[in-house]
Structure formats: structure tokens, C-alpha cells
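Note that this is a predicted model, so its numbers are computed, not measured. To find a chain, count down the sequence lines: A is the first, B the second, and so on, and within it residues start at 1.
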Amino acid sequence: MLDSKFIRENPDLIREAAQNKKFEVDVDRILALDEKRRALIHESETLRAKQKQGSKDLGKLKGDDKQAALEELKQMSERFKTLNDELRNVEADYDELMLRVPNVPAAEVPVGEGDEDNVELRKWGEPRKFDFETKDHVEIGKTLDIIDIPRGVKVSGTRSYFFKGDGALLENAIMQFGLNYIIKKGFTPLFGPVIVKDFAMYGTAFFPFGEEQCYRIEKDELNLVGTSEVFVTSFHSDEILKESDLPYLYAALSTCFRREAGTYGRDTKGVYRVHQFQKVEQVVLCRADEEESRRQHEFILNNSEEVLRALGLPYHVVTCCTGDLGLGQVVKYDLEAWMPSREGYGETHSASRYHDFQARRLNIRYKDSDGKTKFVHTLNNTVVASTRLLMAILENYQQADGTVEIPEVLRPYMGGRSRIEPPK
RNA sequence: GGAGGGAUGGCCGAGUGGACGAAGGCGGUGGUCUUGAAAACCACUGUGCCGCAAGGCACCGGGGGUUCGAAUCCCUCUCCCUCCGCCA
């Protein structure tokens, strides 16, 4: 959500942002509704003030004067109701449209259509040269009996899987490693509900537009989250925080649910694109200060780069172009790890900066040193995502003898073993 | 799922049709006093919207209604508590 004043003062900026981000928004209609809305507020409040005064004065009057005054007040009351109904209608339309106004991308974000226009920022590590015939993670998973996709499909349909034995342990190791890593960076673990109310989905700006990608529990009017960002960011909704407590650094571990509607042909191989996976996420709430916000963004980006380096996975960082940004995002960096079976990089992390877009919707504020209440800035980034890192590890660490080496940092979580061996 | 009770400011808690944005207490901030602290005393202490401003308006769990006028009356929803039932 943007400030209505900001829209009034920068309509062209909004139009440009919407065009670049591929969102349709009728700025003129918003401006017209805004004006109508403010005129109605003014009129109804003036009338209301008169009515209240008249009501107070009623006691002083007697006889015919009182009757006349009463008659007049009745009319005012009627008029007030009419005005209010009108205002309510206008505001409903206005609010509906406001939810669809995109945030303005930062100046440095490249203009582009989709992920093909994302710009590489930097690169770390060299993809390994294999001197034997490599397998993809599906084959490796099958051979080692640690990933079972057919049975996943049997039980839950396409894009489902089982992690078995060392597969389950490896997923768990990735999660534990990521969680411990981010805790050492000063983040507070915050585990919460993966089933959330609508406001949390709207508040984090997954709704509107994202409904099709979300598992909806219609019976209870609840939703399964696609990322823990939803419940963590909503944690402080409707609160006024202390400036001295900022920034809040939270780390969540949760299951993530994604319908992946409309992706039938895409990424059908293996566990790259699935309906359910585990993820550790970092979420930051900080002061409404551009510099601070940028600093935090670099911080959470760096944290995740450190994770990939610790895992020994070659990766690069890309700046997402305007067409690849969500409604509320100002800047987004993706981390993409090398995935041999894809013969390229695949997204494993996504670091977003929202300015106060989510905070406005969720009503998360703080009092600054001048006593003014301001909306916080929110940011988030993946720490580790189970399926994509697991497949990257299996593929990058596979050996000629069919075993998979376990990255050193994960060994403590796998009983100190250094290899995943095929079953006997 | 059934029956009953409740929801008031940061917290506790009064208020059953008008002068109530709301007593009182606690907490917080500032001050007086003090060598310092404590105590005592005094003052201040919610949020949002419209407006250049003066100012106005809204908010007593949410929504709707009755009334000239609602924290207060009516309807409805949500949440919390107690009891019964059911059940991981």
C-alpha cells in the first residue's frame, strides 16, 4: 500500500512503475475517487459538527422553537446517513483499487520483461568439471533410495515426493544448518502458523493477484502460506514498536505450500518446483530510513551468500528487473546456485526490500525520536530452502562411484558421516 | 458441537441515553524537593482521518440498527473464559 498523498503528488511515477512492473492500474480513477472521498469526508464531518452542536443546544429550547429545532436535526441526521453511505461506497472502491497499486522500483532496478532480463551482479565459484557421466538428482535419489517421487505422486499427485532415509536426514541437516547459521547472525527464531487469515496474505501483498498460487481453506476462510514471510511479517501487525528495539531480526523455519498453478510444462523434472517444501527465512523490520533499509538488504543478502559458500555451491547474484518484481517490492536480488542437471543456475534464494509497503498494509509502526509515528520498513530473504538446495547438493557433490559426498558443514547434522552410500 | 459469562486507553478498572475521549489506580515522561537515591507533591502522558491553518471528525472487540443524541438500548459476527460433549 502506498500513501494516498504520495499517489496524488506522483501520479506519473505510479503509471511508469505499473507499466514497468506489468501491473495494470487506473491512476486517474484512483485520483478521482480520492478527491471525491475527501470532499465527502469534509461535507459529512461539517454536517456532523453542526448536528452535534444543535443536539447540545436542544436542551435550552422550549415549545415551538424546540419542535422546529428537532425537525431540523432530524433532517440533518437523514442527510448525514445519506452522505455516509455514499462515502462508504466510494471508500470501498478506493480501497479495492489501492490494494492494486504497485510500489515504485528503486532507480537502479533495470527495466525488463521477465527473469531473462535480470542482470548478473557477481559470481562465486566455478561449476565443477565432471570426469564421468553425471546423473540428475532424480536418478541419484532413486539409486541411493533417498528420494521417492512415484510414491509422492501416488499419495499426493504431481510435484510431490518423499525424502527417505538419508534424504530425510539431509533435508533436516540443511534446515538445522541454516537455522543455526542465521541465529548466530543475531536473528531470533520465530516459528508460527502456516495457516493464516486473509489480512496476513493481503498485508504481505500476496493478495490480491496471488490467490491462484495459494491453497485456500474455504471452510474456515484461511490460507496456507507459501512462505513464512507471511506469518513472521504479520507478527507485529497493528503494533507501535519502540524505535530502540529496531531492527527486529527474525528467523522462521516452516513448511511452504505452493499451488504452482499454470506451471504445468515448466520445471517438471524432479523436486525443483514442488507444492510443498521446507524453508528457513530471515525477516527484518527496521527504521523507515532509506540508508538503513539498504544496509539491511545487503546484510540479509550477504548472510545467504555466506550460506551458499559454506555449502560449497557455486552461485551468482542477479538483480531482478522490473518485470520480475512483485507488487510491493522495491528491489529484489535472487541468488541462483549451480545445478548441473539444468546446465545452469537455478533460484535458491530471493532477497526483497519492500520499503513501507507491507508495513502500511499491516499497520506496523514505531515512534521515532521526535515522537512521530512512522511505518517500519520490511525485508526478507531465504536462508535455506530444502528441495532446491538438496538437489543442488546431490548433483554437485555426486561421485563417480555413485555415492554423494556430504558438504562438510552438514556432517555434524548427519552423524559425522562424509558420504551418502547406496543401500546394501 | 451445546449452555452460560465476558471484551472499555500501555495495564488494571469505573461508567446502563446527553456536559464521556471517557473517573480512579498502576505504569511511563518531565519537574519540585534532596549531597544522591527513595518517598512525597505537581504537570504531562492513545490512535487515526480531513484541512495551508484555525479547527473539525472518528475510534469504549468488529459490523449494522434505534435515537435529535449511543461506551450505555437492539441485532449480528469475532475473540476470550467456565461447564458439558467429542477427539488427536
Can you tell me how far [atom2] of [N] sits from [atom1] of [X], to the nearest Å?
X	N	atom1	atom2	value
A/K56	B/C68	NZ	P	18 Å
A/M76	B/C68	CE	P	13 Å
A/E221	B/C79	CD	P	11 Å
A/K50	B/G55	NZ	P	20 Å
A/K197	B/C79	NZ	P	7 Å
A/E71	B/G69	CD	P	13 Å
A/R365	B/G10	CZ	C1'	14 Å
A/Q75	B/U67	CD	C1'	16 Å

Please measure how far the [atom1] atom in [N] lies from the corresponding atom in [M], and state the result in whole Å.
N	M	atom1	answer
B/G9	B/G62	P	10 Å
B/C59	B/G21	C1'	9 Å
B/C12	B/G28	C1'	15 Å
B/G27	B/U34	P	24 Å
B/G13	B/U8	P	9 Å
B/C86	B/A7	C1'	28 Å
B/C80	B/U72	P	23 Å
B/U45	B/A54	C1'	25 Å

Reckon [X] has a side-chain N or O less than 4.0 Å from the OP1 or OP2 of [N]?
X	N	answer
A/R37	B/C50	yes
A/S77	B/U67	no
A/K74	B/C68	yes
A/R38	B/C49	no
A/R48	B/A58	yes

Base-pairing assignment for [N] (Watson-Crick or G-U wobble, both under 3.5 Å):
N	result
B/G61	B/C77
B/A23	none
B/G69	none
B/U82	B/A3
B/A14	none
B/U34	none

Quick one: are the ring centres of A/F235 and A/F231 less than 6.0 Å apart? no

Give [X] one of three labels, base, sugar-phosphate or nothing, depending on what nucleic acid heavy atoms sit under 4.0 Å from its own.
X	value
A/L70	base
A/K52	sugar-phosphate
A/E72	nothing
A/S44	nothing

Taking the side chain of [X] as its heavy atoms from C-beta onward, which of [options] lies nearest to it?
X	options	answer
A/A49	B/G56, B/C49, B/U66	B/G56
A/H42	B/C68, B/G56, B/C50	B/C50
A/E45	B/G65, B/G56, B/G48	B/G56
A/R8	B/C50, B/C57, B/U47	B/C50
A/R88	B/G65, B/C50, B/C57	B/G65
A/I240	B/C68, B/U47, B/C57	B/U47
A/S4	B/C50, B/G18, B/U47	B/C50
A/K81	B/U66, B/U47, B/C50	B/U66

Under the 3.5 angstrom rule, does the side chain of A/T82 hit a backbone N or O of A/E78 as a donor-acceptor pair? yes

Ignoring hydrogens and angles, does a donor from either the side chain of A/T46 or the base of B/G56 sit under 3.5 Å from an acceptor on the other?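 Side chain to base: no pair present.
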
Please test A/E405 against A/R411 for salt bridge (Lys or Arg N to Asp or Glu O under 4.0 Å), starting from the C-alpha separation and ending with a verdict. CA-CA 10 Å; A/E405 190 190 349; A/R411 291 177 193 172; 3.1 Å; yes

Would you say the side chains of A/Q296 and A/E292 form a donor-acceptor pair under 3.5 Å? yes

Looking only at side-chain N and O atoms, does A/N302 offer a donor or acceptor that is under 3.5 Å from a partner on A/E298?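 There is no such pair (donor and acceptor under 3.5 Å, judged by atom type) between the side chains of A/E298 and A/N302.
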
Given RNA chain B, 5'-ward residue of the pair A/F80 and A/Q51, judged by closest heavy atom: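 Nearer the 5' end of the strand: A/F80.
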
Measure across A/R388 and A/T348 and return the closest heavy-atom pair with its distance rounded to 0.1 Å.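 Scanning both residues completely, I find the closest heavy atoms to be CB-CG2, 4.2 Å.
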
Hey, could you give me the OH/OG distance between A/Y333 and A/S304, rounded to the nearest 0.5 Å?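 Going from the OH atom of A/Y333 to the OG atom of A/S304 covers 13.0 Å.
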
Please step through side chain to side chain donor-acceptor pair (under 3.5 Å) for the pair A/S237 and A/N363, ending with a clear verdict. CA-CA 5 Å; A/S237 58; A/N363 198 27; over 6 Å; no

Give a yes or no on whether a salt bridge exists between A/R8 and A/E35, defined as a side-chain N under 4.0 angstrom from a carboxylate O.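 Salt bridge flag = no for A/E35 with A/R8.
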
